[in-house]
Amino acid sequence: MEFSQYNVNALMYITPRPELVFTEGRGMWMTDHNGKRYLDYLQGWAVNCLGHSPKCIEDAIVAQAGKLLNPSPAFYNENMVKLADLLTQHSCFDRVFFANSGAEANEGAIKLARKWGQKNKNGAFEIITFDHGFHGRTLATMSASGKPGWDTIFAPQVTGFPKADLNDIGSVEKLINEKTVAVMLEPVQGEGGVIPASREFMQALRALTQKHNILLIVDEVQTGMGRTGELFGYQLSGIEPDIMTLGKGIGGGVPLAALLAKEAVSCFVPGDQGGTYNGAPLMTAAGIAVINALTAPGFLDEVKAKAAYLSKALFALSDKFQMEGERGEGLLRALKLGSDIGPRLVEVARDLEPIGLLINSPRPNLLRFMPALNVSYEEIDTLISMLSQVIQQVKDEQAAAPAAQS
Ligand SMILES: *Cc1c(COP(=O)(O)O)cnc(C)c1O
C-alpha cells in the first residue's frame, strides 16, 4: 500500500511522524508498509523489554483472551494475584496496585503520599521533584515533571511540586519544610537525557528523607524491569524506597503499570483508589510472562554483559568521531555527540537503505538507546556499524554545507 492511501489526518496531530506505517515486529526488528526492515533501538520507548512480539507474551495473551478478559476490578482474578505476589517477592515492597500507564501509576503514588501525609504529617502534601525529571502527561504528573516549559502550557499547574537539582543533596534539603511529604525521582532520568542519580546521592536522599520522616518515591517506569541490569534501578544504590512505580517494560508491549509500596505506607482505604482495568487478567498475563523471563537464572547477568559490551562499543565510536563519550545504566544508554546533530542522525538512520535504524535523540546533543533486554551481540555490532555510517554521512553533509547548519 502507498502511504498516501492511509488517511492519517483522521488522527489528532500530536507529534510530527515520519511517513511510515509499521505493520510487523519480531525481536529487535520492525517492518513498515513497504516491507522495509528496521533495527529498532527504541522498542516502543523501552517498552518491549523482550523485543517485539515475543512468543511467551503472545502465548500468555492468546491463552488468556479465550479464558477470561475482565471479571471486574471489584473481584480478584488469578493473574492479578499472581503478578502482585511475584513483584513483592522480587522487590522490597509489600503491596501492589495495578494501573494502565506510567502516568497513572505516578498519580497513584502522589495520592498515596498525600494520603499518608494527611494521616501522619498534619496534612503535609508537597513532593519534591527534580529539574528535567519526567513523570508523565496527566496534569499532576506534568506538574511533577521538570521539563522546561511544562509549568505554563496547561496552567494553572497542580501545586505542591517544588524542584530540586539531581545529584545535589543540598538543593533537596533546602526545600524541606513542614509541608513536605515526599521526594520523588527517577533513578536514571530517562527523557531528561539518560542522567543517572549517583549511588551516593540516592543514599544521601534515603538518609535525609528518613531523618525528616518523609517518603522516598522512585519512578521506575523506565528504569524498572531489568533495564539497568538489576531488576529495579533502586537496587543499584543499595537502598529501599517507600514507594515505587513501574510501567513500560512491565507489560512487555501491552498497557500495564504498577504502584508498589511498603506495608507501613499502604494507607488507601476503600474509595481512595481504583480504575476500570486495574489488574485486568489479559494485561497481567503479559506481566507474568515478562517477570518470569527476567528472573530466569542468568537473564540479568546477560543484560549486564551486553550493557558493558554496548558501552565499550559506544566509547570506541565516540573516540573515532571525537565525541564526548557515553553514559547510562544497563541497557539504557546515551551517546554524547558533542554537537546538536542528534535530530539529523535520527532521520538519516531511519532512511538508510536497504535496512533502516530506529534511534532517538532526547536532547539534540544526545542519542538514546533502549534495546530489547535480550538483544544479541550481533545486533549491537550492527547498530555500531550503521551508526558509524550515519555519523560519517552527517559529518560529510555538514562539511559540504557549513552555512546551512548554523
Ligand atoms: C514514560 C515514563 C512515564 C510515563 O509513562 P506513560 O505510560 O507514558 O504514562 C513516567 N515516568 C517515566 C520515568 C517514564 O519514562
Side-chain angles (χ1 to χ4, degrees), residues 12 14-15 41-49 97-113 127-147 150 154 158 161 163-164 166 182-197 202 216-228 230-234 236 241 243-260 275-280 283-284 286-287 290 328-334 360-363 366 368-371 373:
M12 200 172 282
I14 54 146
T15 187
Y41 270 80
L42 305 178
Q43 291 293 332
W45 258 245
V47 164
N48 309 315
C49 59
F97 169 80
F98 291 111
N100 312 286
S101 69
E104 195 192 349
N106 284 335
E107 285 274 337
I110 293 164
K111 284 167 64 177
L112 187 62
I127 300 179
I128 298 170
T129 57
F130 290 83
D131 260 339
H132 302 290
F134 180 80
H135 301 294
R137 292 175 177 280
T138 59
L139 279 176
T141 56
M142 280 184 85
S143 306
S145 298
K147 260 191 141 157
W150 275 24
F154 300 114
V158 175
F161 298 102
K163 302 287 179 299
L166 192 70
V183 177
M184 174 168 170
L185 83 167
E186 302 155 84
V188 180
Q189 286 189 340
E191 302 308 302
V194 191
I195 306 170
M202 290 299 279
L216 180 59
I217 305 173
V218 285
D219 174 350
E220 298 233 20
V221 172
Q222 195 158 146
T223 53
M225 304 312 287
R227 181 57 49 189
T228 66
E230 300 294 338
L231 195 53
F232 305 110
Y234 73 81
L236 290 168
I243 296 176
M244 171 171 79
T245 55
L246 297 171
K248 299 200 166 100
I250 188 179
V254 307
L256 179 65
L259 160 64
L260 294 89
T276 302
Y277 297 110
N278 80 78
M283 302 314 167
T284 41
V290 166
E329 293 286 359
L331 287 174
L332 178 59
R333 313 213 68 87
N360 148 264
S361 174
R363 291 189 176 196
L366 281 183
R368 178 171 49 165
F369 307 96
M370 308 166 271
L373 301 181

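Please read these numbers as outputs of a predicted model, since none were measured by experiment. As the structure lists them, so they are numbered: ligands from 1, and atoms in each ligand from 1.
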> Check each atom of ligand 1 against the heavy atoms of Gly102 and keep those under 4.0 Å away; list them by number with element.
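Near Gly102, the atoms of ligand 1 are 5 (O), 6 (P), 7 (O), 9 (O).
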> Is the shortest side-chain heavy-atom distance between Leu166 and Glu186 below 4.5 Å?
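Leu166 vs Glu186: side chains apart.
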> Looking only at heavy atoms, is any part of Phe134 under 4.0 Å from ligand 1, and if so is it the side chain, the backbone, or both, or is it neither?
both
> Any side-chain heavy atom of Ile243 sitting closer than 4.5 Å to one from Pro241?
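In short, these two side chains do not touch, never coming nearer than 4.5 Å.
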> Taking the side chain as C-beta and beyond, is there a heavy-atom pair between Met370 and Leu42 under 4.5 Å?
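Met370 reaches Leu42 side chain to side chain.
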> Taking the side chain as everything from C-beta on, heavy atoms only, tell me whether Ile127 gets closer than 4.5 Å to Val183.
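They are not in contact (no side-chain heavy atoms under 4.5 Å apart), so the answer is no.
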> Look only at the side chain of Gln189 and the backbone of Ile195, and say whether a donor-acceptor pair between them is shorter than 3.5 Å.
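No, the answer is negative, given that no donor and acceptor are paired below the 3.5 Å cut-off.
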> Counting only non-hydrogen atoms of the protein, does one fall under 4.0 Å from atom 7 (O) of ligand 1?
yes
> Any nitrogen or oxygen of Ala103, side chain or backbone, less than 3.5 Å from one on ligand 1?
yes
> Only heavy atoms of Asn106, strictly under 4.0 Å: list the atoms of ligand 1 that pass.
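In order of number, 10 (C), 11 (N).
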> Show the atoms of ligand 1 that are less than 4.0 angstrom away from any heavy atom in Gln222.
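The atoms of ligand 1 under 4.0 Å from a heavy atom of Gln222 are 15 (O).
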> Under 4.0 Å from a heavy atom of Asp219: give me the atoms of ligand 1 that qualify, with their elements.
10 (C), 11 (N), 12 (C), 13 (C)
> Using a strict 4.0 Å cut-off to heavy atoms of His135, name the atoms of ligand 1 that fall inside it.
10 (C), 11 (N)
> Glu191 and side chain to side chain donor-acceptor pair (under 3.5 Å): which single residue from Lys147, Arg363, Gln222 fits?
Gln222
> Roughly how far, to the nearest 0.5 Å, is CG of Asp219 from CZ of Phe130?
12.0 Å
> Nearest to atom 15 (O) of ligand 1 by heavy atom, Lys248, Glu186, Glu191, Glu220: which?
Lys248
